[in-house]
Peer 1: 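Here's a structure for you.
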Amino acid sequence: MRKSSYKMFTIIIYFIVSVLAFSITTNYILEKENKLLNKKYNAISSNLNDKINSLIQKKKNATLAFTITLANNAEVSEVLNSKEYSKDSLNKLSLLLRKETDFKNVWFQVINKNGISLYRSWSKKKGDDLSKVRSDLKNMIKTPKIKSTISVGKYDMTFKAMVPIYKDGKFEGVIESITHFNSISRSLR
């Protein structure tokens, strides 16, 4: 009887040790696996974050660059200085950018020194006083200087570049370019 109880005791101890060893090993493996997954997730997240920031900065800079170029454009000056502007070269520029670049939806707006919108590439609406509804424009009129921002509007989040226009050293108005995030979302796919 003693021999059989010794065998039973040995089997029970062996079983308990085996269960403990299996449990400890499984927990150790799961813990290591979770650490590796978290490390991989953090690396991918950081990489994606860097890529998004880079794309945002690139688009913001490009929007500002062609807005600065437009500030010296004769068409923009003509919009500011004529009563009835009917040419559509800024619309053509918007279409050309859509066709030849990643900028698939570029809008232009010309605003005079009083905050009145004289031209919008995306709408025929003009003559409204934007200085009453837009604090960024009110500040631009007070202290004209180049601004580049990410703007959250009623319907969309956009990149906006505003550049003051001068003629003979005198502040005449503002050219504003608005681009959208659509090219960034396409780049991330």
Side-chain angles (χ1 to χ4, degrees), residues 49-131 133-189:
N49 194 26
D50 290 345
K51 184 176 181 178
I52 290 170
N53 286 335
S54 173
L55 289 169
I56 287 172
Q57 201 57 43
K58 182 179 171 185
K59 183 137 186 188
K60 191 175 176 185
N61 288 340
T63 302
L64 179 59
F66 62 73
T67 307
I68 289 171
T69 303
L70 278 175
N72 297 312
N73 185 298
E75 293 290 326
V76 173
S77 189
E78 188 178 327
V79 171
L80 283 169
N81 296 314
S82 91
K83 295 278 185 200
E84 283 301 315
Y85 177 76
S86 61
K87 293 183 182 177
D88 61 347
S89 70
L90 291 177
N91 284 344
K92 288 179 184 173
L93 176 61
S94 180
L95 292 172
L96 182 64
L97 287 169
R98 178 180 298 180
K99 181 180 175 187
E100 302 295 335
T101 70
D102 285 339
F103 293 91
K104 301 302 177 199
N105 202 3
V106 181
W107 295 345
F108 302 110
Q109 180 166 224
V110 180
I111 304 162
N112 73 10
K113 64 184 176 187
N114 300 316
I116 307 298
S117 176
L118 302 176
Y119 171 82
R120 289 181 174 100
S121 64
W122 68 94
S123 169
K124 294 195 183 290
K125 184 178 179 182
K126 61 183 179 179
D128 49 326
D129 188 352
L130 299 176
S131 66
V133 293
R134 288 187 39 199
S135 61
D136 62 339
L137 185 60
K138 191 182 276 189
N139 291 336
M140 173 65 86
I141 292 169
K142 281 183 190 175
T143 48
K145 62 182 179 181
I146 295 172
K147 291 183 183 178
S148 180
T149 61
I150 294 176
S151 176
V152 179
K154 287 182 182 179
Y155 306 106
D156 205 357
M157 189 161 75
T158 59
F159 296 94
K160 186 188 299 182
M162 299 170 68
V163 177
I165 300 169
Y166 292 94
K167 185 175 183 181
D168 301 326
K170 184 180 171 192
F171 175 65
E172 293 278 307
V174 177
I175 178 74
E176 181 176 65
S177 296
I178 301 164
T179 59
H180 298 78
F181 274 81
N182 52 7
S183 65
I184 291 176
S185 62
R186 276 192 307 276
S187 297
L188 293 173
R189 286 186 207 147

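Side chains are part of it too, since the values below use all heavy atoms of this structure and drop only hydrogens, waters and symmetry mates. Heads up: numbering here begins at 1 and tracks the sequence. Keep in mind that what you see is a predicted model, and the values were worked out from it rather than measured.
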Peer 1: Of all residues at least two apart in sequence or in a different chain, which pass the side-chain hydrogen bond (donor to acceptor under 3.5 Å, both in side chains) check with Asn139?
Peer 2: none
Peer 1: Would you say the side chain of Ser117 lies within less than 4.5 Å of the side chain of Lys125, judging by non-hydrogen atoms?
Peer 2: no
Peer 1: Rounded at 0.5 Å granularity, tell me how far CD1 in Ile165 sits from CD in Glu172.
Peer 2: 8.5 Å
Peer 1: Using a 6.0 Å cut-off, check whether atom NZ of Lys113 has over 12 heavy atoms from anything other than its own residue.
Peer 2: no
Peer 1: Using the side-chain contact (heavy atoms from CB on, under 4.5 Å) rule, pick out the option among Ile68, Asn73, Asn72 that qualifies with Leu70.
Peer 2: Asn73
Peer 1: Locate the shortest heavy-atom distance separating Asp136 from Lys147; write the atom from each residue and the value.
Peer 2: O-NZ, 3.5 Å
Peer 1: What are the two closest heavy atoms between Leu137 and Ile111, and how far apart are they?
Peer 2: CD2-CG2, 3.8 Å
Peer 1: Which atom names give the shortest non-hydrogen contact between Thr67 and Ala161, and what distance separates them?
Peer 2: OG1-CB, 3.5 Å
Peer 1: Report yes if some heavy atom in the side chain of Ile56 is under 4.5 Å from a heavy atom in the side chain of Phe159; otherwise report no.
Peer 2: yes
Peer 1: Return the set of residues passing ring-ring contact (aromatic ring centres under 6.0 Å, His included) with Phe108 (not counting sequence neighbours), or none when no residue passes.
Peer 2: none
Peer 1: If you take all heavy atoms of Pro164 and Ile146, which pair is closest and at what distance?
Peer 2: CD-N, 3.9 Å
Peer 1: Relative to each other, are the rings of His180 and Trp107 parallel, tilted or perpendicular (30° and 60° limits)?
Peer 2: perpendicular
Peer 1: Could you go step by step and tell me if Met157 and Val152 meet the side chain to side chain contact (heavy atoms under 4.5 Å, CB included) rule?
Peer 2: CA-CA 4 Å; Met157 189 161 75; Val152 179; 3.9 Å; yes
Peer 1: Which heavy atom of Met162 sits nearest a heavy atom of Val174, and at what distance?
Peer 2: CB-CG1, 4.1 Å
Peer 1: How long is the span from the CZ atom in Phe171 to the CG atom in Asn112, to the nearest 0.5 Å?
Peer 2: 8.5 Å
Peer 1: If you look at every heavy atom in Asn114 and Asp129, which pair is closest and at what distance?
Peer 2: O-OD1, 3.8 Å
Peer 1: If you measure from CG on Leu64 to OG on Ser177, what distance do you get to the nearest 0.5 Å?
Peer 2: 9.0 Å
Peer 1: Just to verify, what does Thr158 make a side-chain hydrogen bond (donor to acceptor under 3.5 Å, both in side chains) with, not counting sequence neighbours?
Peer 2: none
Peer 1: Could you list all the salt bridge (charged side-chain N to carboxylate O under 4.0 Å, His left out) pairs where at least one residue sits in residues 63-74, not counting sequence neighbours?
Peer 2: none
Peer 1: List in chain and number order the residues that pass side-chain hydrogen bond (donor to acceptor under 3.5 Å, both in side chains) with Lys59, two or more places apart in sequence or in another chain; answer none if no residue qualifies.
Peer 2: Ser183
Peer 1: Quick one: list whatever passes side-chain hydrogen bond (donor to acceptor under 3.5 Å, both in side chains) with Thr63, sequence neighbours left out.
Peer 2: Thr179
